[in-house]
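Step one of this worksheet: look at the structure below.
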Amino acid sequence: MSSTQSQTARIWQLAWPIILSNITVPLLGLVDTAVVGHLPDSRYLAAVTLGATLFSFLYWGFGFLRMGTTGLTSQASGRDDADGVRNLLGQALLVANAIGVTLILLSPLLIRLGLWLLDGSETATVLATEYAQIRIVSAPAVLSNYVILGWFLGQQNARVTLAILVLTNSVNIVLDLLFVTGLNMTSDGVAWASVLADYTALGFGLWLVKRQLRQLAGRFRRRYLLRLGAYTELFQVNRHLFVRTLGLLFAMAFFHAQGASQGDTILAANAVLLQFIMLTSYALDGFAHASEALIGRAVGRKAWDEFGQAVRAATLFSFVTASIAALGFALGGDSLIALLSDLPDVRREASTYLPWMVALPLIAVWSYLLDGVFIGATATREMRNSIYIGLAVYLPLWWITQGLGNHGLWLAFMTFTLIRSATLVSYYWHYRRTRWQDTNVDQGR
């Protein structure tokens, strides 16, 4: 088998467990909705929806703990730096727990502010507050799980991701049914199910970590764990990722807000179409995460041929997947819309804007792919820049095209995605000619 074929096979071996684990996420959402949706009062479903939305945004904001850990661990693994692999785990877990405890301490303010921004009904907000006060208890576990997933992925062990997420969601579903259906709890039962599932996953993850450490050379170094100066690289990488995520969250929140300002039907139609993006992301994220591990290892070893082979293999899988998604949306988009909503007005509006969904995978694929490449190379400043360059075009373009209604909003959002992708492509080609290649080869040109 050639080295290129080997990298292609390795991409697939890493990607498929991630893709399968991603599929378990909407399944949990469906069970939560089904369990609470059968309670006699709709306010419980509204409360869970508000609370779950709040925590999706809150925890997503700290997704850098997974991404940064993957990039740095894969590079340390590529350098055969067993001490580095160990100490990165220790540092990232300490940071995750510090953030988690801080979130709990600040939770009265964060919950009040978050639910005010979500602007639910008074009754639903009261119940959502109770839900959120329970869910916040799991913050240290959720953030530690991000670190553990990133650490294993950085060592090219994606099956752990599948095992942990399947366990988390399975426990969550069983406890949902037990607490709500069996013990007659309401939205508080759904919250406690999530908390217990998160800590169960953490216990399982730590057991897997302990088993992995037995097979890993090197040892933990106290000076790397207890000295603040030793965290410089981790903080620098994660700082850019955090700011980048805030920009991305703003872009999505702005899209939702402007859709809502056009009425409930447009808001609902956009929500249906955004599920198309989620479906595409389940597969594209798998290949992006796989490339993170392979790229990071190649950068750690300064194996630039291997770097190029990994990028080409990930590009092939990503582009084929995006093309299939675009074709599927073109041929079956109306059927998918009908599956997601039975409201005639929502179906009609969503169908009107369906062409944007056909184009989106072919534009967004490059940002997904190159996010994986840049995380592996820990070039996170460039990822941050791509978001804010995109926002600098997104917001003025939305202002100019308001007369086009929702088409103008989709045009602005698609342009944001296009600019983000183009910026990352430009960075990639520049660095491929200057940084990410053998200097001896460069000198011989």
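Under a 3.5 Å cut-off, the side chain of Y146 and the backbone N or O of F62 do not form any donor-acceptor pair. Put simply, the side chain of S77 never gets that close to the backbone of T73: no donor and acceptor are under 3.5 Å apart. For S367 (side chain) and A364 (main-chain N/O), a donor-acceptor pair under 3.5 Å exists by modelled atom type. Distance alone, capped at 3.5 Å, places no donor-acceptor pair between the S144 side chain and the A141 backbone. A distance-only check finds no donor-acceptor pair linking the side chain of T181 to the backbone of L178 [under 3.5 Å]. Within the 3.5 Å criterion, the main-chain N or O of I363 finds a donor-acceptor partner in the side chain of S421. Side-chain N or O atoms of Y388 include one that pairs as donor or acceptor with a backbone N or O of G247 at under 3.5 Å. With hydrogens and angles ignored, the 3.5 Å screen pairs a side-chain donor or acceptor of T380 with a backbone N or O of V237.
Of the N and O atoms on the side chains of Q75 and T378, at least one donor lies less than 3.5 Å from an acceptor on the other residue. With hydrogens and angles left out, the side-chain atoms of R66 and T70 include a donor and acceptor closer than 3.5 Å. No side-chain N or O of E382 forms a donor-acceptor pair with one of Y428 less than 3.5 Å apart. Between the side chains of R135 and Y131, a donor-acceptor pair is found at a separation under 3.5 Å. No side-chain N or O of W151 forms a donor-acceptor pair with one of N157 less than 3.5 Å apart. Side chains of D198 and T168: no donor on one and acceptor on the other come within 3.5 Å. Between the side chains of N385 and Y427, at least one donor-acceptor pair of N or O atoms lies under 3.5 Å. For the 3.5 Å distance criterion, the side chains of Q13 and R10 qualify, holding a donor opposite an acceptor.
The OG atom of S426 lies 8.5 Å from the CG atom of L424; values are rounded to the nearest 0.5 Å. Rounding to the nearest 0.5 Å places CZ of F55 at 9.0 Å from CG of L103. Remark: E292 CD to D285 CG distance equals 8.5 Å, nearest 0.5 Å. For the atom pair CG of N97 and CG of L202, the computed distance is 8.0 Å after rounding to the nearest 0.5 Å. Separation of atoms CG (L72) and CD (Q236) is listed at 10.0 Å; rounding is to 0.5 Å. Remark: F179 CZ to N172 CG distance equals 10.0 Å, nearest 0.5 Å.
Minimum heavy-atom separation, I266 to E349: CD1-OE1, 3.5 Å. Counting all heavy atoms, side chain and backbone alike, L14 lies closest to A158 at O-CB, 3.2 Å. Scanning all heavy atoms of the two residues, the minimum distance from F329 to M357 falls at CD1-O, 3.4 Å. Nearest heavy atoms, L336 versus L279: CD2-CD1, 3.7 Å. Nearest approach of A288 to S291, heavy atoms of both residues: O-OG, 2.6 Å. What you find for G61 and F242 is that their closest heavy atoms are O-CD1, 3.2 Å.
Here the side chains of T417 and Y394 are not in contact, with every heavy-atom distance at 4.5 Å or above.
With a 6.0 Å radius and a threshold of 12 heavy atoms from other residues, nucleotides or ligands, Q156 has its CD atom above the threshold. Within 6.0 Å of CZ on R159 lie no more than 12 heavy atoms contributed by other residues, nucleotides or ligands. The local environment of CZ in F319 is sparse, with at most 12 non-hydrogen atoms from other residues, nucleotides or ligands closer than 6.0 Å.
Partners of E306 by salt bridge (Lys or Arg N to Asp or Glu O under 4.0 Å), not counting sequence neighbours, listed by chain and number: R301. Under the rule for a ring pair (Phe, Tyr, Trp, His ring centres under 6.0 Å), F152 has no partner lying at least two apart in sequence or in another chain.
Of the residues I104, L94, L143, the one that meets the side chain to side chain contact (heavy atoms under 4.5 Å, CB included) test with I99 is L143.
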Determine whether D81 and R86 satisfy the following criterion, salt bridge (charged side-chain N to carboxylate O under 4.0 Å, His left out), listing intermediate values before the conclusion. CA-CA 9 Å; D81 179 7; R86 284 176 173 269; over 6 Å; no

Show your reasoning for whether side-chain contact (heavy atoms from CB on, under 4.5 Å) applies to F413 and W356. CA-CA 10 Å; F413 183 76; W356 293 109; over 6 Å; no

